[in-house]
Number of protein chains: 2
Amino acid sequence: MSAKTDKMVTVPKAVINRLPMYHRFLYQLLLEGKEKISSQELSQLMRITSSQLRQDLSYFGEFGQQGYGYRVETLYQAISGILGLEKQYTAVIVGAGNIGRAIVNYPGFSRRGLKITGIFDNNPKNIGSQVGNLTVMDVEHLADFLKKYPVQIGIVSTPVQAAQKVAYILMKSGVRGIWNFAPIMLEKNGDVVVEDIHLGDSLLTLFYRLNEKEGKN
Amino acid sequence: MSAKTDKMVTVPKAVINRLPMYHRFLYQLLLEGKEKISSQELSQLMRITSSQLRQDLSYFGEFGQQGYGYRVETLYQAISGILGLEKQYTAVIVGAGNIGRAIVNYPGFSRRGLKITGIFDNNPKNIGSQVGNLTVMDVEHLADFLKKYPVQIGIVSTPVQAAQKVAYILMKSGVRGIWNFAPIMLEKNGDVVVEDIHLGDSLLTLFYRLNEKEGKN
DNA sequence: TAATATTCGTGATAAAATTCACTTATAGAA
DNA sequence: TTCTATAAGTGAATTTTATCACGAATATTA
């Protein structure tokens with residue numbers, strides 16, 4: 001067992017943000033049938049340093065073997081465990097636009113344990129339509145639905161104007177996490193976890209980087 | 001003019017990643033008709049420290065006035081300029097699934113200067129269908145299209161298996177930036193800028209944080 | 001079996017990012 | 001006009017993150 005975990009060192013945020021990347025690469029290696037890999041080789045694939053990889057893993061335990069490396073299967077399972085992927089996570093989506101539909105239809109999410117139990121919208125055009133094997137419900141019924149069928153996660157893919165209101169309903173209905181796609185910093189009530197994904201911010205970062213490169217010519 | 005920019009200090013990555021957030025908040029304040037704001041007040045809205053805000057801005061110049069604060073309009077324009085938002089950016093989208101459609105239909109992107117000139121797919125079901133005011137073209141014609149109508153940015157919203165191949169076509173056709181939604185680290189050729197947006201990674205981070213919180217009870 | 005090459009895990013060091021705390025400028029009040 | 005409060009900008013200190021470099025364990029070869 002790792003000394004660091006014993007000492008209750010808190011895991012740096014930067015490390016947590018890299019865990020999904022480790023998971024993604026190891027999954028790929030597993031598909032390719034690779035059995036073992038060294039920190040050296042794995043880190044080159046990921047374009048990070050091998051010491052960063054080893055240091056990161058050391059926050060959670062010892063997963064490799066000196067002189068040999070890591071068994072891909074073992075490390076993949078370990079990181080899956082750290083991320084909590086053995087569990088199922090139930091969720092509803094609010095906002096049945098393209099983003100909401102993309103989430104329902106992307107198989108990668110259900111593979112990782114996300115189970116979507118309902119999708120809601122306020123637009124009469126969308127209500128009643130099929131998304132995957134779900135029927136879009138009226139957002140008016142969101143609170144009632146969650147009372148009957150509680151979920152852990154609320155996914156907000158509404159336009160920005162609706163997002164905060166929806167988030168309050170979700171939080172009041174007991175969701176423990178919100179996956180937010182709207183370009184707004186949501187106010188919390190209670191100790192809900194909010195994970196933002198701001199497409200617009202990412203685009204602007206791309207713009208900046210394009211100009212930065214230009215400036216260097 | 002700022003001493004830091006004179007000294008050619010390179011702007012830290014962490015600062016660059018916050019610029020879009022500053023832009024987003026200032027845009028909101030502008031809509032609300034707010035005229036001036038102090039670093040204190042703005043930083044509280046953003047849940048950062050005021051010294052971080054001031055320090056960040058100092059990499060680019062001096063935008064405020066002691067004893068007064070910042071004029072919202074001025075600071076908004078300044079950050080828009082830093083991000084390069086006065087320009088137009090042309091782009092094609094490859095992958096006419098829900099993500100691709102979401103990008104075409106989201107008005108916020110065109111407001112920021114993104115002009116999408118074509119959308120491509122390899123699925124006969126999608127080819128020929130309308131997305132916004134674009135008609136989905138066969139990805140077979142992507143290279144030809146780009147030869148006639150070059151663009152600066154390629155948006156990759158294909159399934160993961162197709163992403164690298166598509167990226168090579170885009171890079172060969174002279175795009176300077178790629179906005180990548182596929183869960184893969186794209187190999188570059190040449191000095192293209194790749195900006196990734198990995199929805200799956202964000203979801204796994206949410207899972208981790210949910211369990212982390214649980215562990216503390 | 002002994003010798004050699006790998007390679008992990010980690011304490012120490014370096015670099016990067018954040019916060020502190022102070023100086024200076026100026027707005028607004030008296 | 002003078003005084004006081006406010007608030008930007010910034011060098012220095014602190015904290016966080018990343019890298020280095022080495023000891024210890026194990027695999028592999030001779």
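Note that the coordinates shown come from a computational prediction; the quantities given were computed from them, not determined experimentally. Residue numbers begin at 1 in each chain, while the letters A, B, ... track the order of the sequences.
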Practice item. Indicate the ring-plane relationship of A:Y27 and A:Y76, choosing parallel, tilted or perpendicular according to the 30° and 60° boundaries. Key: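 Ring orientation, 0 to 90° scale: tilted.
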Exercise. Any side-chain N or O of B:Y70 less than 4.0 Å from the OP1 or OP2 oxygen of D:dG9?
Worked result: yes
N/O (side chain, A:T49) to phosphate O (OP1/OP2, D:dA18) under 4.0 Å |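 A:T49 to D:dA18 OP1/OP2: no side-chain N or O under 4.0 Å.
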Which whole-number value in Å describes the distance from [X] [atom1] to [N] [atom2]?
X: A:N17; N: D:dT17; atom1: CG; atom2: P; result: 10 Å
X: A:L53; N: D:dA18; atom1: CG; atom2: C1'; result: 13 Å
X: B:R54; N: C:dC22; atom1: CZ; atom2: C1'; result: 11 Å
X: A:E41; N: C:dT6; atom1: CD; atom2: P; result: 14 Å
X: A:Q52; N: C:dA16; atom1: CD; atom2: P; result: 13 Å
X: A:L42; N: C:dC8; atom1: CG; atom2: C1'; result: 13 Å

Quiz item: Is A:R54 paired with A:E62 through a side-chain N to carboxylate O contact shorter than 4.0 Å?
Solution: no
Task: Salt-bridge criterion met for B:E73 and B:K34 (N-O under 4.0 Å) - done: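 Answer for the salt bridge query: no.
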With the side chain of [X] defined as its heavy atoms from C-beta on, choose the nearest nucleotide among [options].
X: A:S39; options: C:dA17, C:dC8, D:dT19; value: C:dC8
X: A:Y68; options: C:dT10, C:dC8, D:dA27; value: D:dA27
X: A:A14; options: C:dT18, C:dC8, D:dT17; value: D:dT17
X: A:S38; options: C:dT7, D:dT10, D:dT17; value: C:dT7
X: B:Q65; options: C:dT26, C:dT18, D:dA7; value: C:dT26
X: A:K36; options: D:dT19, C:dT7, C:dT10; value: C:dT7

**Prompt:** Contact class for A:S51 vs. all strands (heavy atom < 4.0 Å): base, sugar-phosphate, or nothing?
**Reply:**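 Base contact - A:S51 has a heavy atom under 4.0 Å of at least one base atom.
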* Asked: Name the one of B:V156, B:T158, B:I155 that satisfies side-chain contact (heavy atoms from CB on, under 4.5 Å) with B:F181?
  ->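 Testing B:F181 for a side-chain contact (heavy atoms from CB on, under 4.5 Å) against B:V156, B:T158, B:I155 leaves exactly one candidate, B:I155.
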The residue among A:T74, A:L26, A:L85 that forms side-chain contact (heavy atoms from CB on, under 4.5 Å) with A:I79 is A:L26
ask   = Is any N or O donor-acceptor pair between the side chain of A:Q66 and the base of D:dA24 shorter than 3.5 Å?
value =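 A donor-acceptor contact between them is present.
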Quick check: any donor-acceptor pair below 3.5 Å linking the side-chain of A:Q55 to the base of D:dT19?
yes
